[in-house]
Amino acid sequence: MFNKRIKIKELLQQEPAEQQVTVMGWVRTFRNNQFIALNDGSTNTNLQVVATLGMFDESLLKRITTSASLKITGTVVPSVGKGQKLEVKADTIEILGDSDAEAYPLQPKKHSLEFLREKAHLRFRTNTFGAVFRVRHALAFAVHRFFNDKGFVYLHTPIVTASDAEGAGEMFRVTTLPFENTPRNEDGSVNFKEDFFGKSTNLTVSGQLEGELGATAFGEIYTFGPTFRAENSNTARHLAEFWMIEPEMAFYDLEDNANLAEEFIKYIIRYVLENNREDLDFLAQRLADEEKQLPQDKRSEMGLIEKLEFVLNNDFQRLSYTEAIDILKESNHNKKKKFQYPVTGWGMDLQSEHERYLVEKHFKKPVILMNYPASIKAFYMRINEDGKTVAAMDILAPGIGEIVGGSQREERLDVLLEKMEKMGIPEEELWWYLDTRRFGTVPHSGFGLGFERMIQFVTGMSNIRDVIAFPRTPKSAEF
């Protein structure tokens, strides 16, 4: 019975030809006991359904309230109202699910994003989140299409892992050991041999190390899955659970890596511009309205659509970390002490404000920073000939800073072993990783793209919690 319905988005693209249709959806508004604004989530645009006066029972009309779900069969006719070319004249109306209008938390008015985060189970029903999550879907689809068309193998890397790829140590422990009477060794440390996996395990922060194993067999792979970081950071940029896209490519050097990352970002942006223009136009207008409340110097120089098209139509600016430090040191921003973290010189870790200055104020376009000091980067990055820097690259985007982090990987076994020893990484824990350097090692590279940050960039949403369905943050794991 339900399969005969037509989606509202599809119906609105047709010409009114007196055809009979069945539509289903939720009531947004009901005016004058006659005009139902119906929405089924396929588009932000509501379908106007006309319930001819006197044709329907008063008891039925009383049940047509905000968020009640309806099945309506009727005739498509040209609309006399403004802003729509067609409407449906209802022949039958069936209430599929009642909704108590008084108790329903989302009244037909503007709600703050903070309020909607508390109602994350219902916020998909608003126009803003309808647009954001349709865009999120399109971006995810575009990711798979890009890599599939290039012949990459999609590899599912483990969520439970015994290794810390980043070396940051901020990981969620996975254990079945009891909190009371935890088994201990003689020295008082936890006896993980008694645990489910027989060793200490965590939720993964990255699929990269396992991804490298795949790349040294298939040539090119990508991962796309959830990653976790137990960083106690309650900011608009951080989540405890987020999604990462991590390609790894054999026979790629740092420049090949940067070229692929730039092509990839442009591809998925182009896909959304071509396939989700209605949602992007809505989000662009929303952002413009939001920015009107800000002082002039805090407003974006470009609108959302303009920014996305600018990224597509311009080469990303490439420069070395060393050049970036010189630019930052000499900037008026630094000389006038406007940075929260002063630019101390070569060897410092760049903060988000430094990255955004380079992108938004200096170059005014996305930036690919390359060749960072070895001391601030991970053990697996390839040491350059100068002995001081590694073949790393970060892509910085307007509004959010780093969006991609990657490197050419250290393929020389002796150099890798020396670095691991210096950083205190036990060789026996990563014996399997080192085997890829023992048996047919090759130059190879890869990068990670934070999916939520990419969605923020494309949608203009300022808080990362508003681009993931159910945000996981310190002291918050609702829904």
Side-chain angles (χ1 to χ4, degrees), residues 166 237 247 249 252-266 269 297 300-302 307 310-411 415 419 443-450 453-454 457:
E166 298 300 314
R237 297 177 70 242
M249 298 77 64
Y252 271 54
D253 64 14
L254 186 64
E255 193 170 334
D256 298 326
N257 201 23
N259 291 342
L260 182 79
E262 180 171 343
E263 184 190 351
F264 171 54
I265 287 170
K266 288 180 173 179
I269 289 174
D297 64 328
S300 308
E301 289 183 21
M302 295 182 189
K307 176 187 79 172
F310 181 80
V311 169
L312 286 188
N313 298 329
N314 287 279
D315 291 338
F316 293 7
Q317 181 70 43
R318 299 187 187 200
L319 70 156
S320 70
Y321 165 92
T322 305
E323 291 168 305
I325 289 290
D326 291 342
I327 289 167
L328 290 166
K329 262 172 76 175
E330 294 305 312
S331 69
N332 283 335
H333 216 71
N334 189 48
K335 289 175 179 171
K336 290 178 180 172
K337 299 189 166 36
K338 285 189 179 176
F339 285 126
Q340 188 185 340
Y341 296 92
V343 181
T344 52
W346 201 91
M348 66 174 281
D349 214 344
L350 295 182
Q351 301 293 327
S352 179
E353 60 174 341
H354 305 134
E355 295 169 343
R356 288 185 63 175
Y357 176 84
L358 291 168
V359 171
E360 293 163 33
K361 300 279 188 273
H362 190 81
F363 290 111
K364 301 196 173 180
K365 60 161 90 169
V367 167
I368 305 182
L369 273 191
M370 302 168 106
N371 299 319
Y372 282 76
S375 57
I376 59 171
K377 287 294 185 181
F379 78 93
Y380 50 73
M381 297 187 178
R382 192 183 204 277
I383 292 270
N384 288 325
E385 300 310 311
D386 61 14
K388 293 190 305 179
T389 61
V390 287
M393 63 113 191
D394 288 347
I395 299 185
L396 317 177
I400 45 179
E402 185 195 328
I403 196 167
V404 160
S407 70
Q408 186 172 338
R409 315 310 191 190
E410 183 55 80
E411 86 280 10
V415 180
K419 283 180 80 178
H444 62 288
S445 301
F447 62 83
L449 172 88
R453 287 200 184 166
M454 188 71 213
F457 180 71

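Both backbone and side-chain heavy atoms feed into the values below; hydrogens, waters and symmetry mates do not. Predicted model only: the values in this text are computed from it and were never measured.
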Quick one: [atom1] on [X] to [atom2] on [Y], what's the gap to the nearest 0.5 Å?
X	Y	atom1	atom2	answer
M249	D256	CE	CG	8.0 Å
M348	S375	CE	OG	12.0 Å
D394	E402	CG	CD	4.0 Å
D326	T322	CG	OG1	7.0 Å
Y321	D349	OH	CG	7.5 Å
E323	L328	CD	CG	12.0 Å

Nearest atoms (heavy-atom pairs only) where [X] meets [Y]:
X	Y	answer
I395	A261	CD1-CB, 3.6 Å
L254	Q408	N-OE1, 3.2 Å
N371	A391	OD1-CA, 3.7 Å
I400	R237	O-NH2, 3.5 Å
I403	L449	O-CD1, 3.5 Å
R356	G401	CG-N, 3.8 Å

Problem set entry | K307 to F457 six-membered ring, cation-pi geometry met (6.0 Å, 45°) |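 Flagged: K307 positioned over aromatic ring of F457.
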For this session: Measure from NZ or CZ of K329 to the centre of the six-membered ring of W346, then state whether that distance is under 6.0 Å and the direction lies within 45° of the axis.
Result: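 Not satisfied by the 6.0 Å and 45° rule.
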Problem set entry | Residue pair M393, R318: steps toward the side-chain contact (heavy atoms from CB on, under 4.5 Å) verdict | CA-CA 10 Å; M393 63 113 191; R318 299 187 187 200; over 6 Å; no
Problem set entry | N384 side-chain N/O to D386 backbone N/O, donor-acceptor pair under 3.5 Å |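 Side chain of N384 to backbone of D386: no pair is present.
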Exercise. Is it true that a side-chain atom of H354 and a backbone atom of Y341 form a donor plus acceptor pair closer than 3.5 Å?
Worked result: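 Yes, H354 side chain to Y341 backbone: donor-acceptor pair under 3.5 Å.
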Are [X] and [Y] within salt-bridge range, i.e. N to O under 4.0 Å?
X	Y	result
K266	E262	yes
D253	R409	no
K419	E410	no
E353	K338	no

For this session: Mind telling me whether F447 and F264 have parallel, tilted or perpendicular rings, with 30° and 60° as the class edges?
Result: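 Aromatic pair F264/F447 classed tilted.
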Exercise. Relative to the ring of H333, is the ring of F339 parallel (under 30°), tilted (30 to 60°) or perpendicular (over 60°)?
Worked result: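 If you compare the ring of F339 with that of H333, the planes turn out perpendicular.
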With a 4.5 Å cut-off on side-chain heavy atoms, are [Y] and [X] touching?
X	Y	answer
L350	I376	no
P398	E360	yes
M454	I269	yes
K365	V359	no

For this session: Indicate whether the side chain of N334 and that of S331 have a donor and an acceptor atom separated by less than 3.5 Å.
Result: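 Checked: N334/S331 side chains show no N/O donor-acceptor pair below 3.5 Å.
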Exercise. Do the side-chain N and O atoms of S352 and E355 include a donor-acceptor pair separated by under 3.5 angstrom?
Worked result: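 There is no such pair (donor and acceptor under 3.5 Å, judged by atom type) between the side chains of S352 and E355.
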Exercise. After noting the C-alpha distance and the side-chain angles of I383 and K388, does the key distance pass the side-chain contact (heavy atoms from CB on, under 4.5 Å) rule?
Worked result: CA-CA 7 Å; I383 292 270; K388 293 190 305 179; over 6 Å; no
Exercise. What do you reckon, is NZ of K335 surrounded by more than 12 foreign heavy atoms closer than 6.0 Å?
Worked result: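 Above 12, so yes.
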Problem set entry | Worked verdict on Y252 versus H444 for ring-ring contact (aromatic ring centres under 6.0 Å, His included) | CA-CA 5 Å; Y252 271 54; H444 62 288; over 10 Å; no
